[in-house]
Amino acid sequence: MKRLFALILCISAIALSSCVGDGAEPYYVYGSAMDTNVSICLYGGDKELGNACLELLYGMESELSVTVTGSKLYALNSGQTVKDTGHFFTLCGLASELRTLTGGAYNPCIYPLVKLWGFTADKCSVPNDEDIATGIELAKNSQISFTDEGIKIEGGGQADFGGIAKGYASDVLRDYLKSNGVEAAVVSLGGNIVTVGKKPDGSDWKIGINSPKGGGSLLGTLSVGECAVVTSGSYFRNFTEDGKLYHHIIDPETGMPADNGLVSVTVVADDAALADGLSTAFFVMGMEKALSIAQSLDVQTVFVTENQIFVSGGLKEKFTPDGTVEGEYEIIYN
């Protein structure tokens with residue numbers, strides 16, 4: 001299950017800064033792909049390998065983007081049956097498995113609702129109740145189907161891999177780097193971070209968790225080896241209408257931004273695709289249900305509310321609170 005399946009620029013900078021001063025000269029790669037900022041720190045890599053990583057990302061974006069005309073996902077959402085045995089096929093399978101695993105809290109067929117809210121087009125507004133109800137039914141009754149002819153969507157809906165694609169791409173990059181002899185690296189795609197091995201001196205990587213309250217502050221740092229660290233939060237993409245804040249993580253059951261007291265969820269797992277999908281699903285379903293699934297999968301979590309930080313037991317010795325959170329948050333280890 002684990003092989004089926006790590007934060008914004010501030011956190012990326014913290015992760016990459018830990019590459020410096022370890023007795024080896026790192027090579028840095030920066031770019032933009034999959035609607036996010038890309039930063040990669042390589043030991044044992046060079047410009048050629050760094051550029052190859054970016055080209056690999058651009059190729060996946062051309063297949064998996066929901067908005068790029070000519071992408072395989074665009075074709076799928078246009079009612080076509082898509083034949084594929086590569087990244088698109090794999091991602092469709094992962095998305096379907098995650099939907100089942102999370103009881104629909106992660107639903108790849110949620111695109112009709114996402115479009116209603118305008119997040120993909122950066123033209124956000126609150127939809128009317130009738131349109132939301134229609135979008136809920138489409139998301140609920142649609143599914144990705146695998147047939148002898150290829151992949152299609154049944155039920156009239158459309159798919160969006162925004163909650164898993166960057167995680168999957170991070171996993172692909174990590175595997176690519178390792179196959180090219182890289183033994184230490186940090187890859188950051190927005191809220192998705194994966195690490196390769198440990199630092200050249202044998203110590204853990206330090207990955208920062210950003211504070212939902214903004215201002216460039218941190219909740220704390222995680223000391224990790226090779227793993228994925230993915231954060232989903234209501235502060236990443238949002239808008240205000242009539243004095244109320246609305247964020248981009250939509251609950252498929254209500255058609256509204258998830259509202260259960262959580263402002264941030266971080267998942268630490270072996271694979272970024274799994275961590276990416278789970279961080280979204282956990283944010284939707286709330287902490288109580290999420291903890292049960294996290295424990296069954298042996299993944300670690302950090303849940304954040306307005307005034308509390310809940311750190312799972314496996315991260316107790318790995319999480320170091322930032323000095324600025326003292327007095328602002330109660331830290332609970334569970």
Side-chain angles (χ1 to χ4, degrees), residues 6-24 26 28 36-43 166-167 170 174 184-236 262-272 275-276 278-279 282-283 294 299-334:
L7 294 162
I8 59 179
L9 277 177
C10 174
I11 299 175
S12 302
I14 292 165
L16 296 187
S17 69
S18 66
C19 293
V20 179
D22 299 310
Y28 298 94
T36 195
N37 295 291
V38 179
S39 52
I40 307 172
C41 170
L42 302 173
Y43 286 98
K166 288 189 284 292
S170 302
R174 177 170 59 185
V186 180
V187 176
S188 173
L189 303 184
N192 300 259
I193 291 177
V194 295
T195 58
V196 176
K198 288 194 173 186
K199 288 179 168 183
D201 66 357
S203 63
D204 285 341
W205 305 102
K206 305 295 184 183
I207 308 298
I209 299 179
N210 209 41
S211 170
K213 297 183 180 180
S217 60
L218 295 176
L219 290 177
T221 58
L222 290 169
S223 299
V224 299
E226 182 169 299
C227 69
V229 181
V230 181
T231 294
S232 292
S234 57
Y235 56 95
F236 280 111
L262 292 174
V263 294
S264 173
V265 177
T266 296
V267 177
V268 182
D270 288 344
D271 298 277
D276 198 2
L278 288 182
S279 66
F282 288 176
F283 194 99
V299 302
Q300 303 301 318
T301 56
V302 179
F303 294 95
V304 183
T305 67
E306 288 294 337
N307 51 25
Q308 292 178 313
I309 304 172
F310 297 84
V311 183
S312 61
L315 296 178
K316 186 173 183 179
E317 304 301 322
K318 298 179 180 295
F319 177 74
T320 303
D322 188 79
T324 60
V325 306
E326 191 172 335
E328 290 191 52
Y329 293 93
E330 176 188 12
I331 303 176
I332 301 170
Y333 295 93
N334 50 28

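The analysis underlying the following values was restricted to heavy atoms, covering all of them including side chains, and did not include hydrogens, waters or symmetry mates.
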Asks: Would you please test Val230 and Thr266 for side chain to side chain contact (heavy atoms under 4.5 Å, CB included) and show each step?
Replies: CA-CA 5 Å; Val230 181; Thr266 296; over 6 Å; no
Asks: Any heavy-atom pair between the side chains of Ile332 and Gln308 that's under 4.5 Å?
Replies: yes
Asks: For the side chain of Ser279 and the backbone of Val265, is there at least one donor-acceptor N/O pair under 3.5 Å apart?
Replies: no
Asks: Within the structure provided, determine whether Ile309 and Val302 are in side-chain contact (heavy-atom separation under 4.5 Å).
Replies: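 They are in side-chain contact.
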Asks: Answer whether the closest heavy-atom distance between the side chains of Phe282 and Ser232 falls below 4.5 Å.
Replies: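 Side chain of Phe282 against side chain of Ser232, heavy atoms only: no contact under 4.5 Å found.
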Asks: So do the side chains of Ser211 and Val325 get within less than 4.5 Å of each other, counting heavy atoms only?
Replies: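 Ser211 does not reach Val325 side chain to side chain.
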Asks: In sequence, state the C-alpha distance, the side-chain angles, and the governing distance for Thr305 and Phe310, and then conclude on side chain to side chain contact (heavy atoms under 4.5 Å, CB included).
Replies: CA-CA 8 Å; Thr305 67; Phe310 297 84; 4.2 Å; yes
Asks: Is there side-chain contact between Asn334 and Ser312, with at least one heavy-atom pair below 4.5 Å?
Replies: yes
Asks: Around atom CD of Glu306, are there more than 12 heavy atoms of other residues, nucleotides or ligands at under 6.0 Å?
Replies: no
Asks: Tell me, with the steps shown, if Asp322 and Leu219 meet side chain to side chain contact (heavy atoms under 4.5 Å, CB included).
Replies: CA-CA 5 Å; Asp322 188 79; Leu219 290 177; over 6 Å; no
Asks: Could you tell me if the side chain of Asn210 sits less than 4.5 Å from the side chain of Thr231, heavy atoms only?
Replies: no
Asks: Quick one, Glu226 and Val196 - any side-chain contact, counting heavy atoms below 4.5 Å?
Replies: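 Yes, their side chains come closer than 4.5 Å.
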